[in-house]
Peer 1: 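Dumping the structure here so I can ask a few things about it.
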2 protein chains.
Amino acid sequence: MPRRSAPHEPAKRGYHHGNARNALLTAAAGLLEKLGAASLSLRQVAERAGLSRQAPYNHFKNKEALLAELAREGYERLAASLAASRDAQGRNSLERAAESYIRRAQEAPALFRLMFSRELVDLARFPAAAQAGAAAFEALKDIVATCAPADRVADLALAAWSLVHGYATLCIEVALEPADRRAERARLFARILRAAAATSDAHH
Amino acid sequence: MPRRSAPHEPAKRGYHHGNARNALLTAAAGLLEKLGAASLSLRQVAERAGLSRQAPYNHFKNKEALLAELAREGYERLAASLAASRDAQGRNSLERAAESYIRRAQEAPALFRLMFSRELVDLARFPAAAQAGAAAFEALKDIVATCAPADRVADLALAAWSLVHGYATLCIEVALEPADRRAERARLFARILRAAAATSDAHH
DNA sequence: GTTTGATATTGACGATGTCAATATTGATGT
DNA sequence: ACATCAATATTGACATCGTCAATATCAAAC
């Protein structure tokens, strides 16, 4: 499902202006942050894209499917952010990854909510989106693997994801604290995870 | 806003069957887990409570206000759970609190989602609910205070809440892993937090 | 018993998601 | 050049929803 059509394919297919699908997704992404996923209506999306009422149904099965595609794109960008944090130089990839994750939540809260809530989109019904989400988690696991003993990576990656995701969620949902503490919190979480990795106690 | 009227007040006030407000809340709580907060309609709530279409508007300003009351009750029960974990005997109150928190999410995911999402209810507009939520966090902070140095309680309580909330959220939203690992994860998180509390490194 | 205020109900309206039916377009085969 | 066809687009229609107004009904106070 490429967002932009490949350069060698005929650029315009439909008769109106061709890339109606992209126009719809762009319009939807804009409305998403303005109204929230629940209040966003397909009719407004269509109008903003300069199309008719029913246009979304030419490209998506229903509202949930359109939202699922937005979520998928969000997961893809998140995974790219995390991979970039991992590949950059320096030993503090964990801090950088945590900060990216939190920043994404704070800069596009409605999209973040959409990605991580079954309320409006059930990811299980959209394998492409679910797979993109799994890929993002894999990127995070890679980072944790660089600073934890092998037999603890699974547990610590789970804890890392939970910790950062929980903080990001609480920030945007409960207004836990202002966004300018983001970097500081990313450092705190990285320190906690490294301390946990360094502790060697029995599993029972 | 007592859920059940005090025994000395006249039990029935309205002419239909008096405690219409309770009937509406009970009906709404039932439908909430069946349909989700977004799909739940006030008309269905009213019908299930044996009342007319417009009955909810006699007791709540609008749909959001009714949902906010459900969230408030949820926060109150959560705070009670955490306080009970703290007051029970034994030194592992942290594990017990984490497990309670996760259990609540898994047993009533729609309510949990409602409590922790601005999508449908903006807590800032419902001070009673917001205050109940703050009380729950205070209970958690009390527990962390029993196993962390005083100058780290704030940071570690934040981390504890984030860690447990993140895991609970990911479990119900992304089907991270089955519910039977709950106790095991509660122990893992408690161990991580204690390890972080035991580490004494500089803040910069 | 009449007044009164809270509570309950029905009517109405605009908005929404979505199904059906129809129309339009650009490409294709001749 | 033209008929064909599948993809794409549009309009019509319907049930459902949240919510405002207007109205009806009860319980208690004077």
Side-chain angles (χ1 to χ4, degrees), chain A residues 1-2 5-6 8-28 31-32 34-70 114 119-122 125-126, chain B residues 1-2 5 8-25 27-28 31-32 34-70 114 119-122 125-126:
Chain A
M1 309 180 176
S5 54
H8 283 295
E9 286 187 19
K12 300 189 169 216
R13 282 279 210 73
Y15 64 85
H16 184 204
H17 57 315
N19 56 352
R21 190 186 143 99
N22 288 338
L24 287 166
L25 285 171
T26 302
L31 286 176
L32 178 59
K34 194 166 332 213
L35 305 173
S39 303
L40 171 153
S41 84
L42 288 185
R43 288 159 122 107
Q44 285 177 83
V45 169
E47 187 182 19
R48 181 184 250 241
L51 296 169
S52 79
R53 210 171 58 192
Q54 196 77 346
Y57 291 92
N58 300 329
H59 304 272
F60 304 93
K61 182 169 182 296
N62 51 27
K63 180 176 177 182
E64 189 184 9
L66 191 158
L67 293 177
E69 176 61 12
L70 289 181
L114 180 66
E119 182 75 58
L120 299 138
V121 176
D122 185 0
R125 299 187 48 209
F126 298 90
Chain B
M1 311 181 172
S5 55
H8 284 294
E9 285 188 19
K12 301 186 169 221
R13 282 280 210 71
Y15 65 84
H16 184 204
H17 58 314
N19 57 351
R21 190 186 143 100
N22 287 339
L24 287 166
L25 285 171
L31 285 177
L32 178 60
K34 195 166 333 214
L35 305 173
S39 304
L40 171 153
S41 83
L42 288 185
R43 288 160 121 109
Q44 286 177 84
V45 169
E47 187 182 19
R48 180 184 250 241
L51 295 169
S52 79
R53 211 172 54 191
Q54 196 76 347
Y57 291 93
N58 300 329
H59 302 272
F60 304 94
K61 183 169 181 296
N62 52 26
K63 180 177 176 180
E64 189 184 9
L66 191 157
L67 294 177
E69 176 61 13
L70 289 181
L114 180 67
E119 183 75 58
L120 300 138
V121 175
D122 185 0
R125 298 187 48 209
F126 298 90

Peer 1: Nearest whole angstrom, please: distance from the P of D/dC17 to the CG of B/Leu120.
Peer 2: 16 Å
Peer 1: Measure from CG on A/Asn62 to P on C/dC19 and round the result to the nearest Å.
Peer 2: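 So the two atoms are 8 Å apart, to the nearest Å.
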Peer 1: Between C/dT9, D/dG12, C/dG17, which one does the side chain of B/Asn58 approach most closely?
Peer 2: C/dT9
Peer 1: Find the distance B/Asn19:CG to D/dC26:P and express it as a whole number of Å.
Peer 2: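 The distance from CG of B/Asn19 to P of D/dC26 comes to 18 Å, rounded to the nearest Å.
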Peer 1: Closest heavy-atom contact between A/Leu70 and A/Ala28?
Peer 2: CD1-CB, 3.9 Å
Peer 1: Between D/dA7 and A/His59, is there an OP1 or OP2 to side-chain N/O distance shorter than 4.0 Å?
Peer 2: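 False: A/His59 side-chain N/O out of range (4.0 Å or more) of D/dA7 OP1/OP2.
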Peer 1: Between C/dT7, D/dT10, D/dT19, which nucleotide gets closest to the side-chain atoms of A/Ser52?
Peer 2: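 Taking heavy atoms from C-beta onward, the closest nucleotide is D/dT10.
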Peer 1: Do A/Arg53 side-chain and D/dG12 base share a donor-acceptor contact under 3.5 Å?
Peer 2: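 Donor-acceptor pair under 3.5 Å: yes.
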Peer 1: How many Å lie between CZ on A/Phe60 and C1' on D/dA9, as a whole number?
Peer 2: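 Nearest whole value for this atom pair: 15 Å.
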Peer 1: With respect to the phosphate group of D/dT16, does any side-chain polar atom (N or O) of B/Ser41 fall under 4.0 Å of OP1 or OP2?
Peer 2: no
Peer 1: Here's a test of your reading of the structure: between A/Arg43 and B/Gln54, which maps to the more 5' nucleotide of DNA chain C?
Peer 2: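 Nearer the 5' end of the strand: B/Gln54.
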Peer 1: Tell me: CG of B/Leu31 to P of D/dC17, nearest whole Å?
Peer 2: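 Result: 11 Å.
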Peer 1: Which residues pass the side-chain contact (heavy atoms from CB on, under 4.5 Å) test with A/Arg53, not counting sequence neighbours?
Peer 2: A/Arg43
Peer 1: Under 4.0 Å, counting only non-hydrogen atoms across every strand here, what does B/Gln44 touch: a base, just sugar-phosphate, or nothing?
Peer 2: sugar-phosphate
Peer 1: Rounding to a whole Å, what distance do you find between B/Glu47:CD and D/dA15:P?
Peer 2: 17 Å
Peer 1: For atom CD of A/Gln44, decide whether the heavy atoms of other residues, nucleotides or ligands shown that lie under 6.0 angstrom number more than 12.
Peer 2: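 Check passes, neighbour count above 12.
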Peer 1: Using whole Å, what does the distance between atom P of nucleotide D/dC26 and atom CG of B/Leu51 come to?
Peer 2: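 Answer to the nearest Å: 15 Å.
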Peer 1: Side chain of A/Leu42 only, please: which of C/dT9, C/dT18, D/dT10 is the nearest?
Peer 2: C/dT18
Peer 1: For residues 60-68 of chain B, tabulate all N or O donor-acceptor pairs below 3.5 Å that involve a side-chain atom, not counting sequence neighbours.
Peer 2:
residue	atom	partner	partner atom	Å
B/Asn62	OD1	B/Glu64	N	3.3
B/Asn62	OD1	B/Ala65	N	3.0
B/Lys63	NZ	B/Ala38	O	3.3
B/Lys63	NZ	B/Leu40	O	2.7
B/Glu64	OE1	B/Arg125	NH1	2.8
B/Glu64	OE2	B/Asp122	N	3.0

Peer 1: How far does CD of B/Glu119 sit from CG of A/Leu114, to the nearest 0.5 angstrom?
Peer 2: 8.0 Å
Peer 1: Describe the nucleic acid contact of A/Leu66 in one word from base, sugar-phosphate, nothing, applying a heavy-atom distance below 4.0 Å.
Peer 2: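 If one applies the 4.0 Å heavy-atom cut-off, A/Leu66 turns out to touch nothing in the nucleic acid.
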Peer 1: Which whole-number value in Å describes the distance from A/Lys61 NZ to D/dT8 P?
Peer 2: 18 Å
